[in-house]
Amino acid sequence: ALSVLGFRPDAVLAYDALSPAAWLGSRIARRRKIPLVLIEAGAFRGGTALARLLRRGGEAFWGPYVRRSAGALVALDPVAREQALREGFREGRIRVLPHGVDLERYRAGLASPLLARHRIRGRLLLCDGPLDERSGAEGLIAAFARTVGQRGDWSLVLAGNGHAPPWLRACADRLGVGALVHFLRPAPDELPALVSSSTLYAAPALDGGGGAQLARAMACGRAVIASDVPRNGWLVEHERTGLLAPPGDVAGWTAALARATGAPEARVRWGARARALAEARLGWSTIAREFESALRVAPLARPARLGAPKRA
């Protein structure tokens with residue numbers, strides 16, 4: 001087996017521009033005289049307290065060193081790009097590159113055994129991701145209750161990693177749609193078929209639905225309703241791949257949901273356009289080519305040491 005100590009990389013990749021991993025990557029890149037490429041997702045939903053503490057510490061202790069070392073920074077969306085600019089990274093070295101998706105794994109035409117197992121029938125409005133206070137799920141339930149939740153031929157599925165918060169279940173019951181709102185915890189291998197089996201995909205999070213979730217829905221040819229925020233607006237084309245609605249605005253989401261659920265022909269057009277965009281921009285082969293391009297143009301890290309004394 002190849003020894004790790006004997007490994008000679010062509011470049012160093014580090015996630016989170018001001019993390020300890022970025023500092024360590026800077027040290028290695030400088031020592032090896034190879035490019036350092038940082039990957040920045042941006043603080044999602046403000047980030048955890050620990051993540052915020054690490055970023056403040058990173059800026060204070062090794063921020064300038066990492067900025068001087070980085071040959072390129074790949075931002076996963078425009079919000080991450082703006083964060084990198086605020087943190088002092090050079091604009092000319094920042095490239096926005098979206099989350100990739102496996103276009104073979106996520107595609108139209110898959111049937112989900114999960115729906116049959118939970119006896120979920122009819123048309124399906126799907127939302128997946130963290131179900132916290134900023135998920136927008138409560139507003140989505142309210143919009144669902146005001147529209148197709150009154151008919152009985154649609155179901156709303158909220159798919160998360162953990163247990164459903166009691167307050168969300170209580171919200172559905174209070175609005176009279178408890179029997180039509182389902183909380184699922186799909187395994188990773190169950191997610192492609194679940195997304196593919198949906199009729200309409202919703203990303204109501206107040207600060208964005210997450211690029212990975214949107215990429216998966218688009219790859220499955222699903223029309224999308226998403227919060228009109230920068231994280232979503234550069235992927236979802238209003239009235240072309242779906243609809244954008246004001247974040248946290250129940251009236252706005254009710255109108256968008258009424259429009260999308262009442263226009264099956266438009267949903268088909270939007271879904272086809274979404275798949276075409278996924279094939280053009282989000283497939284792993286495309287992402288790999290763009291990433292390799294960033295590696296090729298990244299300059300070598302300069303051989304220097306953190307805290308090395310200046311010569312007189």
Side-chain angles (χ1 to χ4, degrees), residues 44-49 111-210 212-214 216-217 220 222-227 229 231-232 242-243 245-261:
F44 187 63
R45 300 184 187 179
T48 64
S112 174
L114 198 61
L115 299 179
R117 190 156 66 242
H118 289 270
R119 299 181 180 179
I120 300 172
R121 298 179 177 85
R123 297 177 179 88
L124 179 65
L125 174 63
L126 174 66
C127 172
D128 77 296
L131 297 177
D132 55 24
E133 290 79 3
R134 296 192 60 77
S135 67
E138 189 169 8
L140 179 62
I141 293 172
F144 176 78
R146 293 182 180 186
T147 55
V148 288
Q150 299 180 11
R151 292 173 22 184
D153 59 341
W154 280 76
S155 294
L156 170 60
V157 168
L158 300 173
N161 295 326
H163 293 286
W167 53 271
L168 275 182
R169 291 186 181 275
C171 173
D173 291 338
R174 184 177 66 252
L175 295 173
V177 291
L180 298 174
V181 178
H182 306 270
F183 297 88
L184 303 183
R185 298 173 62 189
D189 61 345
E190 294 175 316
L191 195 55
L194 180 61
V195 178
S196 183
S197 297
S198 66
T199 309
L200 183 63
Y201 185 87
L206 302 186
D207 50 4
Q213 289 99 318
L214 288 175
R216 293 193 292 255
C220 288
R222 300 302 92 187
V224 172
I225 306 177
S227 291
V229 295
R231 285 192 189 272
N232 296 338
L243 300 173
D249 183 340
V250 174
W253 270 84
T254 299
L257 196 54
R259 163 89 172 97
T261 56

A.B. asks: Going by heavy atoms in the side chains, are I120 and L184 under 4.5 Å from each other?
C.D. replies: yes

A.B. asks: Do side-chain atoms of S155 reach the backbone of R121 as a donor and acceptor pair under 3.5 angstrom?
C.D. replies: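 Yes, the answer is positive, given that a donor and an acceptor are paired below the 3.5 Å cut-off.
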
A.B. asks: Side chain to side chain contact (heavy atoms under 4.5 Å, CB included) between R216 and D128: does it pass, once the steps are laid out?
C.D. replies: CA-CA 11 Å; R216 293 193 292 255; D128 77 296; 3.1 Å; yes

A.B. asks: Where the side chain of S227 meets the backbone of L206, is there a donor-acceptor pair that is under 3.5 Å apart?
C.D. replies: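 No, S227 side chain to L206 backbone: no donor-acceptor pair under 3.5 Å.
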
A.B. asks: R259: which residues meet the salt bridge (charged side-chain N to carboxylate O under 4.0 Å, His left out) condition with it, sequence neighbours left out?
C.D. replies: E239

A.B. asks: With a cut-off of 3.5 Å and sequence neighbours excluded, list every side-chain donor-acceptor pair involving residues 157-172.
C.D. replies:
{"residue": "H163", "atom": "NE2", "partner": "R185", "partner atom": "NH1", "Å": "3.4"}

A.B. asks: Go through the structure and list residues passing side-chain contact (heavy atoms from CB on, under 4.5 Å) with T254, not counting sequence neighbours.
C.D. replies: A143, R146, T147, V250

A.B. asks: Which atom pair, heavy atoms only, marks the closest approach of S196 to C220?
C.D. replies: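 Minimum heavy-atom separation between S196 and C220: N-SG, 3.8 Å.
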
A.B. asks: If we only count heavy atoms from C-beta on, is the L180 to W154 side-chain gap below 4.5 Å?
C.D. replies: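 Result no, sub-4.5 Å side-chain heavy-atom pair not found.
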
A.B. asks: What's the shortest heavy-atom distance between D207 and R231, and which atoms?
C.D. replies: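 Closest pair (atom of D207, atom of R231, distance): O-CD, 3.2 Å.
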
A.B. asks: What's the verdict on side chain to side chain contact (heavy atoms under 4.5 Å, CB included) for L125 and L140, showing C-alpha distance, side-chain angles and the deciding distance?
C.D. replies: CA-CA 10 Å; L125 174 63; L140 179 62; 4.0 Å; yes

A.B. asks: What pair of heavy atoms forms the shortest contact from I225 to A256, and how long is it?
C.D. replies: CD1-O, 3.8 Å

A.B. asks: Looking at S135 and D132, would you say the former's side chain and the latter's main chain have a donor-acceptor pair under 3.5 Å?
C.D. replies: yes

A.B. asks: Can you name the salt bridge (charged side-chain N to carboxylate O under 4.0 Å, His left out) partners of R119, sequence neighbours left out?
C.D. replies: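 In terms of salt bridge (charged side-chain N to carboxylate O under 4.0 Å, His left out), with neighbours along the sequence ignored, R119 is linked to no residue.
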
A.B. asks: Measure across A142 and L175 and return the closest heavy-atom pair with its distance rounded to 0.1 Å.
C.D. replies: CA-CD1, 3.6 Å

A.B. asks: Check side-chain hydrogen bond (donor to acceptor under 3.5 Å, both in side chains) between R151 and all other residues, then give those that pass, not counting sequence neighbours.
C.D. replies: D153

A.B. asks: Closest approach of L214 and A203, non-hydrogen atoms and distance?
C.D. replies: CD2-CB, 3.9 Å

A.B. asks: Could you pull out all residues at least two apart from R222 that satisfy salt bridge (charged side-chain N to carboxylate O under 4.0 Å, His left out)?
C.D. replies: none

A.B. asks: What is the minimum heavy-atom distance between L200 and A223, and which atoms define it?
C.D. replies: CD1-O, 3.5 Å

A.B. asks: Applying side chain to side chain contact (heavy atoms under 4.5 Å, CB included) to L115 and L194, what does each step give before you reach the verdict?
C.D. replies: CA-CA 8 Å; L115 299 179; L194 180 61; 3.7 Å; yes

A.B. asks: Got Q213 and Y201 here, is their nearest side-chain heavy-atom distance under 4.5 Å?
C.D. replies: yes

